[in-house]
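Read the structure below first, then the notes.
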Amino acid sequence: LRKISEYLALKKLIKNTKEVAIITTLDEHNIFLSRFGNKETRKIAQVHHDHEFEKKQLSNFQKKYSNLDYVITVADELTEEIKMFMSGKSNADVRTISNFLHLSKLESCFDIKQNYVVAAGRFCNDKAFERLLEIWAKIIKVNKDWKLYIIFNNYITFIYMNQQIK
């Protein structure tokens with residue numbers, strides 16, 4: 001019952017919005033945007049991870065992304081694959097906006113005189129934070145003044161890891 005009410009609320013929001021653009025980041029939301037987004041609104045779907053391109057996902061790209069204005073990915077290879085799958089099925093402009101930040105942009109975010117390592121992502125097995133922590137345990141033995149920040153989940157949570165890691 002909760003899923004149905006969320007479905008109806010999202011459908012209503014997308015149908016009735018008068019915003020200049022809507023950006024969605026989940027496949028099911030991208031499909032909703034394509035299906036229910038009004039013609040005056042720019043419909044931008046972000047695909048921020050690689051896919052194994054199962055039959056369902058291929059079908060979504062070919063049939064259910066047809067009314068999007070843009071599909072944005074984080075990697076050129078993924079952009080080319082999605083363009084191939086959507087060829088002739090959609091007029092969406094498929095583009096890459098990479099996650100990469102140039103060092104000069106990072107300098108304004110962090111005090112470069114400090115030794116920081118920042119990792120971000122959902123706290124789930126796919127992100128393999130445990131591998132990062134295994135490596136961090138070795139780094140911190142040699143570089144005791146370095147700091148590790150992990151930002152995860154739908155809200156921002158900072159975890160500061162220091163020499164406590166074994």
Side-chain angles (χ1 to χ4, degrees), residues 1-110 116-133 148-159:
L1 190 60
R2 182 176 173 210
K3 283 258 190 214
I4 293 171
S5 65
E6 288 175 4
Y7 171 89
L8 294 173
L10 182 59
K11 178 181 174 181
K12 182 178 178 181
L13 176 71
I14 289 174
K15 271 182 116 168
N16 296 329
T17 190
K18 303 294 184 215
E19 300 300 323
V20 174
I22 298 177
I23 302 171
T24 53
T25 60
L26 297 173
D27 187 54
E28 57 268 25
H29 297 165
N30 295 344
I31 293 167
F32 259 60
L33 183 60
S34 178
R35 186 170 176 194
F36 301 116
N38 68 54
K39 292 179 182 177
E40 296 80 35
T41 301
R42 291 263 183 221
K43 296 171 284 301
I44 305 168
Q46 184 198 29
V47 179
H48 64 277
H49 53 82
D50 205 353
H51 295 276
E52 293 180 10
F53 296 116
E54 299 165 350
K55 285 183 180 182
K56 180 182 176 189
Q57 186 64 51
L58 289 174
S59 176
N60 289 350
F61 285 134
Q62 294 172 341
K63 297 176 184 169
K64 297 183 179 180
Y65 278 44
S66 59
N67 293 316
L68 296 169
D69 296 304
Y70 296 92
V71 176
I72 305 299
T73 75
V74 296
D76 289 331
E77 182 179 345
L78 182 57
T79 296
E80 294 308 313
E81 289 172 335
I82 292 174
K83 280 181 180 180
M84 182 183 68
F85 298 138
M86 293 177 66
S87 179
K89 313 278 187 201
S90 171
N91 291 324
D93 187 357
V94 185
R95 297 185 184 189
T96 303
I97 300 176
S98 67
N99 281 335
F100 179 78
L101 285 177
H102 193 273
L103 182 59
S104 64
K105 293 198 184 215
L106 285 176
E107 288 172 355
S108 64
C109 298
F110 292 98
Y116 294 114
V117 173
V118 179
R122 292 181 319 278
F123 196 70
C124 63
N125 290 337
D126 293 345
K127 299 300 179 186
F129 284 114
E130 72 280 359
R131 290 185 11 222
L132 172 63
L133 295 176
L148 170 63
Y149 290 92
I150 301 176
I151 305 168
F152 65 94
N153 286 352
N154 292 331
Y155 53 91
I156 299 176
T157 303
F158 293 99
I159 297 179

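Numbers here are sequence positions counted from 1.
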Between [X] and [Y], is there a donor-acceptor pair closer than 3.5 Å when you use the side chain of the first and the backbone of the second?
X     : Y     : value
Thr73 : Ala75 : yes
Thr79 : Val94 : no
Lys43 : Asn38 : yes

Distance check, rounded to the nearest 0.5 Å: [X] atom [atom1] versus [Y] atom [atom2]?
X     : Y     : atom1 : atom2 : answer
Leu33 : Ile22 : CG    : CD1   : 5.5 Å
Ile44 : Thr25 : CD1   : OG1   : 12.5 Å
Ile14 : His29 : CD1   : NE2   : 7.5 Å
Ile31 : Phe36 : CD1   : CZ    : 10.5 Å
Met86 : Asp93 : CE    : CG    : 10.0 Å
Glu81 : Phe61 : CD    : CZ    : 9.0 Å

Determine the minimum heavy-atom distance between [X] and [Y], stating which atoms define it.
X     : Y     : value
Gln46 : Asn30 : O-ND2, 3.5 Å
Ser66 : Ser34 : N-OG, 3.4 Å
Gln62 : Lys89 : O-CB, 3.2 Å
Thr41 : Asp69 : O-OD2, 3.5 Å

Inset, instruction - Check the surroundings of atom CG in Asn91: do more than 12 heavy atoms from other residues, nucleotides or ligands lie under 6.0 Å from it? - result: no

With a 4.5 Å limit on heavy-atom distance, are the side chains of [X] and [Y] in contact?
X     : Y     : value
Phe32 : Leu26 : no
Leu10 : Glu6  : no
Ile82 : Tyr65 : no

Inset, instruction - Using the test salt bridge (charged side-chain N to carboxylate O under 4.0 Å, His left out), find all partners of Asp76 that sit at least two apart in sequence or belong to another chain. - result: none

